[in-house]
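Take a look at the structure below.
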Amino acid sequence: IIGLAFLGLLPHHSTAFEISGLPFQLTADTIELDKKDGAILASGNVRMNYKDYLIQADQFRYYNEEQILDYHSNITVTKNKNIIKTDHFRYNLQTSKGHAINVDSQFKSAHFFGETLDISSDSSVFHKAKFTTCSQSEDNQYTVQSETIHYYSKSGNVISNNNQIFFLDVPIFYFPRFIYQIGGDS
C-alpha cells in the first residue's frame, strides 16, 4: 500500500476507478482502504490484471502485508483460453498458492468441476471432482468422477484417483488410478 493511504485513499465511488503502486492492476466501481487492517477493498465490476491472468469478480480484498488476494462472488479467472469460474478464490502472492470453492473450469478441451481446487505454481488439484471432454452442448455424455484430479500445467498430464466412469449419468466402470494427457501450457 506504499503510497496509497498515503495518497489519502478514502472510499471512492466512480466507474472504472484504478489505483497503481501494487503488484497488479486493479479497477472497480468502488475501491476503498479498510482503516482497521489496511486492506484494499473493491466491489462492483472488479477487474484485475496479474501477470498473464485476468480476474473478474463482484468483490475483492487485498491484504498487503500478507500479500493475499481474496475474491468473492461470480469469479472468473482467465489465462489464454483457460477459464476457471468459482464462488470464492484466495491466492497468496508470496507462496504462489491458492484455494477455490465450487469450481467449474476449462483447460484446453477438458472440463473440470470440483468442490475445491488447490493451486500451486506447477499444479492444480481438484477435490471431489468430475472431468469430461464433452462440449457443453453435448450435455456431458460421459464423465469421470474422482476423489482427486491432479493437473500438471507444464506437461499437461492429468492423474485422477478413485475413479468411476459415468455414461449418461449411469456408473459403468471403477478404476483406482487414471493417467492421461491434455497438453501442456508450454
- line: OH of Y151 to CG of L117, rounded to nearest 0.5 Å, is 12.0 Å

- request: Show your working on side-chain contact (heavy atoms from CB on, under 4.5 Å) between I84 and V103 and close with a plain yes or no.
  value: CA-CA 7 Å; I84 298 174; V103 180; 3.8 Å; yes

query: What is the minimum heavy-atom distance between S153 and S121, and which atoms define it?
result: OG-O, 4.4 Å

message: I'd like to know if the side chain of T86 and the backbone of I101 have a donor-acceptor N/O pair within less than 3.5 Å.
response: yes

- prompt: So, S124 side chain and I119 main chain: donor-acceptor pair closer than 3.5 Å or not?
  reply: no

query: CD of Q141 to CZ of F166: how many Å apart, nearest 0.5 Å?
result: 16.0 Å

task: Quick one: pull up OG1 in T27 and CG in N49 and give me the separation to the nearest 0.5 Å.
output: 7.5 Å

- prompt: Does the distance from a Lys or Arg side-chain N to an Asp or Glu carboxylate O, for K130 and D104, drop under 4.0 Å?
  reply: no

field: Donor-acceptor contact present, side-chain D37 to main-chain A39, <3.5 Å
entry: yes

query: Under 4.5 Å between side-chain heavy atoms, hopping through other hydrophobics if needed: is there a path connecting F131 to F167?
result: yes

query: Under the salt bridge (charged side-chain N to carboxylate O under 4.0 Å, His left out) test, which residues partner D87, sequence neighbours left out?
result: none

N/O donor-acceptor pairs under 3.5 Å from side chains in residues 89-100, not counting sequence neighbours:
| from | atom 1 | to | atom 2 | distance (Å) |
| --- | --- | --- | --- | --- |
| R90 | NH1 | D70 | OD2 | 3.0 |
| N92 | OD1 | Q94 | N | 2.7 |
| N92 | OD1 | T95 | N | 3.1 |
| T95 | OG1 | K97 | N | 3.4 |
| H99 | ND1 | D118 | OD1 | 2.6 |

Check: E32 and D34 side chains under 4.5 Å, non-hydrogen atoms: no

field: Closest approach of Y174 to N163 (non-hydrogen atoms, all atoms of both residues)
entry: CD1-O, 2.9 Å

- prompt: Tell me, do I179 and R177 make a side-chain contact under 4.5 Å, heavy atoms counted?
  reply: yes

statement: Separation between OG1 (T30) and CD (Q59), nearest 0.5 Å, reads 10.5 Å

- request: Starting at OG1 of T78, measure out to CG of L54 and round the result to the nearest 0.5 Å.
  value: 5.5 Å

- prompt: How long is the gap from CG on N161 to CD1 on I149, to the nearest 0.5 Å?
  reply: 9.5 Å

query: Where does the angle between the aromatic ring planes of F175 and F178 fall among parallel (under 30°), tilted (30 to 60°) and perpendicular (over 60°)?
result: perpendicular

field: Chi angles and distances behind the side-chain contact (heavy atoms from CB on, under 4.5 Å) call for K85, I83
entry: CA-CA 7 Å; K85 294 183 179 183; I83 299 169; 4.1 Å; yes

message: With a 3.5 Å distance limit and no angle check, can you tell me whether T132 reaches the backbone of Y142 through a side-chain donor-acceptor pair?
response: yes

message: Donor-acceptor check, side chain of S155 to backbone of N157, threshold 3.5 angstrom: yes or no?
response: yes

message: So N80 and D52, do their side chains get closer than 4.5 Å, heavy atoms only?
response: no

query: Any side-chain heavy atom of Y152 within less than 4.5 Å of one from I159?
result: yes

- prompt: Pick from F24, Y53, Y50, F60: which one makes a ring pair (Phe, Tyr, Trp, His ring centres under 6.0 Å) with Y71?
  reply: F60

query: Can you check whether L26 reaches I31 side chain to side chain, under 4.5 Å on heavy atoms?
result: yes

query: Do F126 and I165 share a hydrophobic cluster (ILVMFWY, side-chain heavy atoms under 4.5 Å, transitive)?
result: yes

Residues in side chain to side chain contact (heavy atoms under 4.5 Å, CB included) contact with N74, at least two apart in sequence or another chain: D58

Enclosure of R47 CZ (heavy-atom neighbours >12, cutoff 6.0 Å): no

field: I172 side chain reached by Q164 side chain, heavy atoms, under 4.5 Å
entry: no

field: Taking every non-hydrogen atom, the tightest pair across A28 and S43
entry: CB-O, 3.8 Å

